[in-house]
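I have placed the structure first, in the form of structure tokens, so that the comments after it can refer back to it.
Keep in mind that this is a model prediction, so the values were computed, not measured.
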Amino acid sequence: MPFEHYVTAGGKRLRCGYTTGTCAALAAAAAARLLLTGRAPETVSLRTPKGWVVEVPVEAPRLEAGAACCCVTKDGGDDVDATHGLPVCARVEAAAGEAVLLQGGPGVGRVTRPGLNQPVGAAAINSTPRRMIHEQLEAAAARAGYAGGLRAVISVPTGEALAGRTFNPRLGIEGGISILGTSGIVRPMSEAALLDSLYLEMDQQKAAGARDIVVTPGNYGEAFAREKLGLS
């Protein structure tokens, strides 16, 4: 079921996608339902922080040794996205107490340098995806009438091999990709349109008298530049 939301960039109509964070939350929701009810849903859906609903097929559902596993395929839409088509999986099991616990498994990177969204030593699952995963697990438990704890392990089977094609090695994130997304949605821009936009912005800034330009990746990069570098 294709995700039918579109934007216009560079004069082209481009299809939006959804983030690795959205995929992880969807996979966790499906795995929790399978664990708590014994039945895997054919599809699973959630409302992203942006407000758009994403509904996807549940892939590779299985029960094993007191845990349930499900996967969701990442859809980057028409974005130039190295993670497009990757399976993002969740393994959910019962845990002592009433807490929801979250861990990173194979293919999910680990933070080795300070200054990122998560502390050194933590799995590279950023704060918004963590909140989304927690919400989905809590909702699944409530629907099933389950009051105990849950532990979810997020994994990306091919994430370690792919990580070298992302920014992670430069950021000190080792062992896999990051689970990202502040809106839950990937807003695409063609490569040519991205370069054209950068050139235009640089020309505008030069014409306005700017001598230095800082280029940052994504919302977190912009927030860091504003907070740490005092940029407006």
Side-chain angles (χ1 to χ4, degrees), residues 1-7 9 14-32 43-59 70-90 102-111 116-118 122-137 139 152-160 162-163 165-168 170-171 173 175-191 194 216-224:
M1 52 188 70
F3 187 60
E4 300 291 347
H5 288 272
Y6 294 86
V7 296
L14 301 175
R15 188 173 65 84
C16 295
Y18 36 87
T19 62
T20 50
T22 293
C23 293
L26 288 164
T43 65
V44 65
S45 66
L46 61 75
R47 185 174 296 278
T48 62
K50 186 176 178 62
W52 294 356
V53 173
V54 175
E55 182 177 6
V56 299
V58 175
E59 301 175 14
C70 291
C71 299
V72 167
T73 296
K74 165 69 186 296
D75 181 358
D78 290 328
D79 193 47
V80 182
D81 187 346
T83 63
H84 177 74
L86 279 185
V88 179
C89 303
L102 178 59
Q103 299 173 343
V108 173
R110 196 155 295 275
V111 178
L116 297 178
N117 181 266
Q118 295 298 307
I125 305 174
N126 279 9
S127 54
T128 298
R130 285 177 182 270
R131 186 182 72 248
M132 293 170 68
I133 294 166
H134 275 253
E135 289 173 350
Q136 292 303 309
L137 292 174
V153 179
I154 305 301
S155 62
V156 182
T158 56
E160 185 170 5
L162 182 71
R165 294 169 54 192
T166 72
F167 277 104
N168 279 9
R170 304 180 197 180
L171 298 174
I173 297 174
I177 67 166
S178 298
I179 305 300
L180 301 171
T182 54
S183 69
I185 298 298
V186 175
R187 187 180 187 279
M189 179 173 284
S190 70
E191 189 172 359
L194 174 61
T216 64
N219 294 327
Y220 286 115
E222 180 182 357
F224 178 87

- Rounded to the nearest 0.5 Å, how far does CZ of R187 lie from OG1 of T19? 15.5 Å
- Should the heavy atoms of other residues, nucleotides or ligands under 6.0 Å from CD of E135 be counted, would the total exceed 12? yes
- Item | SG proximity flag C89/C71, limit 2.5 angstrom | yes
- Interatomic distance, R15 atom CZ to D79 atom CG [nearest 0.5 angstrom]: 11.0 Å
- Task: Please examine the side chains of H84 and D75, heavy atoms only from C-beta on, and report whether any two atoms are closer than 4.5 Å.
- Result: yes
- Please report the shortest heavy-atom distance between G176 and N168, naming the atom on each side. O-ND2, 2.9 Å
- Note on the structure: CG (N117) and OG1 (T128) are apart, to the nearest 0.5 Å, by 7.5 Å
- Query: If only atom types and distance count, is the side chain of S155 paired as donor or acceptor with the main-chain N or O of G107 below 3.5 Å?
  - Reply: no
- Start with the C-alpha distance between V56 and T73, add both sets of side-chain angles, then the distance that settles side chain to side chain contact (heavy atoms under 4.5 Å, CB included), and finish with yes or no. CA-CA 8 Å; V56 299; T73 296; over 6 Å; no
- Task: Start with the C-alpha gap between Q118 and I125, add the side-chain angles, then the distance that decides, and say whether side chain to side chain contact (heavy atoms under 4.5 Å, CB included) holds.
- Result: CA-CA 7 Å; Q118 295 298 307; I125 305 174; 5.8 Å; no
- Message: Does atom CZ (F167) have a neighbourhood of more than 12 heavy atoms from anything else shown, all under 6.0 Å?
- Response: no
- What one should report as the nearest heavy-atom pair of A28 and I133 is CB-CG2, 4.0 Å
- Message: Please verify the inter-ring angle class for F3 with Y18; under 30° counts as parallel, over 60° as perpendicular, anything in between as tilted.
- Response: perpendicular
- Looking only at non-hydrogen atoms, find the nearest pair between C16 and V7 and report the distance. SG-CG1, 3.7 Å
- Item | Distance, nearest 0.5 Å, that separates CG of D81 from CZ of R165 | 9.5 Å
- What closest approach, in Å, do Q136 and S45 show between heavy atoms, and which atom pair accounts for it? OE1-O, 4.2 Å
- Item | Sub-4.5 Å side-chain heavy-atom contact between L180 and T83 | no
- Query: Would you say the side-chain atoms of N126 and S178 include a donor-acceptor pair closer than 3.5 Å?
  - Reply: no
- Going through the checks in order, is the side chain to side chain contact (heavy atoms under 4.5 Å, CB included) test met by I185 and H5? CA-CA 10 Å; I185 298 298; H5 288 272; over 6 Å; no
- Task: Walk me through it: do H134 and L102 pass the test side chain to side chain contact (heavy atoms under 4.5 Å, CB included)?
- Result: CA-CA 8 Å; H134 275 253; L102 178 59; 4.2 Å; yes
- So, for V72 and P57, which heavy atoms are closest and what is the spacing to 0.1 Å? CG2-O, 4.3 Å
- Shortest non-hydrogen contact from I173 toward A124: CG2-CB, 3.8 Å
- Find out whether I179 and V156 are in side-chain contact, i.e. whether some heavy atom of one side chain is under 4.5 Å from a heavy atom of the other. yes
